[in-house]
K.L.:
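What follows is a single structure, and I will ask about it in a moment.
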Amino acid sequence: MLRKRSMKLGDLKVHTLAIPLREPIQFSWEPFPHPVYVFSIVEVEAGGFKGYSAIEFGAAYKHFLETTVKLTIQGLDIEIEDVDARLLEVGSWAIQRLGALEVAIWDLIAKREGLPLYRLLGGGRRKVKVYASTGRLLSAEETVKMVEKYAELGIDVVKLRFRRERINEDLEVLKAVAREFSDVKISVDANQAWSYTPPYWSRKKAMKVAKELENFEVLWLEEPLWKDDVEGYRWLRENTSIEISGGELEHGIQRFRMLIEGGAFDIVQADAVYSNGIQECRKVAALAEAFNLKFMPHAWDPGLGWLANLHLAASLPEKLCPYIETPLDPLWWNEVMFGVLNGEVELEKGYAKLPEQPGLGFEPDEEKMKKFRIA
Ligand SMILES: [Mg+2]
């Protein structure tokens, strides 16, 4: 009989860090450039183990977790099925969902079991193919240069951002990449589910773009419409051969069910730390599989958040989840992803190798964190 090793959740801390960037980074989906990148590392403790995770929120997130959430969860059993979805929902009520906390609990459980998280989840993939996700609206020439670096790493899919004022400007960049790299396939992200900044696309504009993308055999078009326009998503899917993807900002199994049943996506892109966590994402992945869709997690997260999505991907069949999104922008990759951790993921011939240490594989380094701590 399996011995249940009960552990109660103890302390919950959040370390808020600000990492200076070599130059301010302007993402396509935000109206302002980041001179520094602010994010939080979540730390949970139980039975002498510590579990970690990370998400891109700052001091308000820290405050909420260290007050309301801490008081709500302290003393609860950490077995993941006992971490009720409604408990994780307490996050949305005030500030954000609590996927990052759920991931830190997974990290802790995997350490207790002495297994890398993906193996605890039943996964057998030692490496997952990465696709290079660009984040900035660079010129055609700058984009080609960046893709050249990715191709040298053996990467065969790159995601471009389409958020310039005119579609033709976006298309010029895509054409330049398609012309230069016959072995690199392209996907396109319009980030229309984000409410931050124009241009906002109509259904007709999204269709016009999809039709253009058909000529370049683009792999998928991501978030071409506002996230609540389920009918629009379905209409688009039914009228273009380009696969339509989305779901990175969503949380809650019923919401995913509504989107999937509504025919919104060919590829579902839940994120382990933006949603209610790995457990929810695995249920969403199963739902996607049952509907003959693909599941590929969104993963533009600081190091430990990205790692959570890597383990999630490695726990799923390759057919269902062929790639992990990887933010390889040189302004971002080393400093923000691994700058405060005690190790770094190896990329090899287009794959990310799964760390074999227990848990997520890497932990924050106290000394390194000290340098960047703001709260
Ligand atoms: Mg996206």
Side-chain angles (χ1 to χ4, degrees), residues 25-31 34 37 39 55-56 96-97 99 129-138 143 146 150 155 157-164 170 173-174 177 185-201 205-206 209-210 213 218-230 232-233 236-237 242-251 255-256 259-260 264-275 281 284-285 288 293-302 305-306 308-310 312-313 321-329 332-333 336-337:
I25 189 165
Q26 170 75 64
F27 293 127
S28 65
W29 57 90
E30 290 179 342
H34 293 266
Y37 184 68
F39 68 100
I55 191 161
E56 57 169 325
Q96 262 295 338
R97 53 287 322 235
K129 237 176 175 194
V130 310
Y131 77 79
S133 186
T134 64
R136 290 183 284 161
L137 299 175
L138 300 174
T143 307
M146 203 182 265
Y150 302 151
I155 289 168
V157 175
V158 65
K159 187 163 84 184
L160 304 176
R161 303 285 162 171
F162 265 36
R163 277 197 84 101
R164 291 168 186 84
D170 288 321
V173 177
L174 182 144
V177 173
K185 289 169 238 108
I186 299 171
S187 61
V188 164
D189 194 342
N191 287 105
Q192 287 296 314
W194 290 71
S195 55
Y196 267 2
T197 181
Y200 301 122
W201 291 8
K205 185 160 175 179
V209 173
L213 300 187
V218 161
L219 290 181
W220 72 86
L221 172 58
E222 186 166 324
E223 292 191 335
L225 294 169
W226 171 239
K227 63 188 168 62
D228 291 342
D229 188 6
V230 183
Y233 272 90
L236 204 54
R237 258 186 93 204
I242 299 289
E243 300 212 317
I244 302 297
S245 74
E248 68 189 49
L249 297 175
E250 303 293 345
H251 76 290
R255 171 80 183 169
F256 281 107
L259 289 160
I260 290 171
F265 306 134
D266 295 285
I267 305 169
V268 188
Q269 296 170 304
D271 179 314
V273 294
Y274 276 6
S275 68
C281 284
V284 173
L293 311 177
K294 285 205 258 322
F295 177 89
M296 283 201 278
H298 169 268
W300 192 292
D301 304 302
W306 179 79
N309 284 299
L310 178 65
L312 166 67
C321 179
Y323 285 91
I324 178 75
E325 174 172 30
T326 306
L328 281 169
D329 191 305
W332 176 272
W333 178 246
V336 174
M337 293 297 283

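Counting starts at 1 for both ligands and their atoms, following the listed order.
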K.L.:
Tyr323: what forms a ring-ring contact (aromatic ring centres under 6.0 Å, His included) with it, not counting sequence neighbours?
P.N.:
none

K.L.:
Among Tyr233, Phe256, Trp220, which one satisfies ring-ring contact (aromatic ring centres under 6.0 Å, His included) with Phe265?
P.N.:
Tyr233

K.L.:
By salt bridge (charged side-chain N to carboxylate O under 4.0 Å, His left out), which residues pair with Arg255, not counting sequence neighbours?
P.N.:
Asp228, Glu250

K.L.:
Among Trp333, Trp29, Phe39, Tyr131, find the one that has a ring-ring contact (aromatic ring centres under 6.0 Å, His included) with Trp300.
P.N.:
Trp29

K.L.:
Mind checking what makes ring-ring contact (aromatic ring centres under 6.0 Å, His included) contact with Phe295, not counting sequence neighbours?
P.N.:
none

K.L.:
Checking Arg164 against Ser28: is there a side-chain donor and acceptor pair closer than 3.5 Å?
P.N.:
no

K.L.:
Strictly under 2.8 Å of the Mg ion (ligand 1): which protein N/O/S atoms qualify?
P.N.:
Asp189 OD2, Glu222 OE2, Glu248 OE1

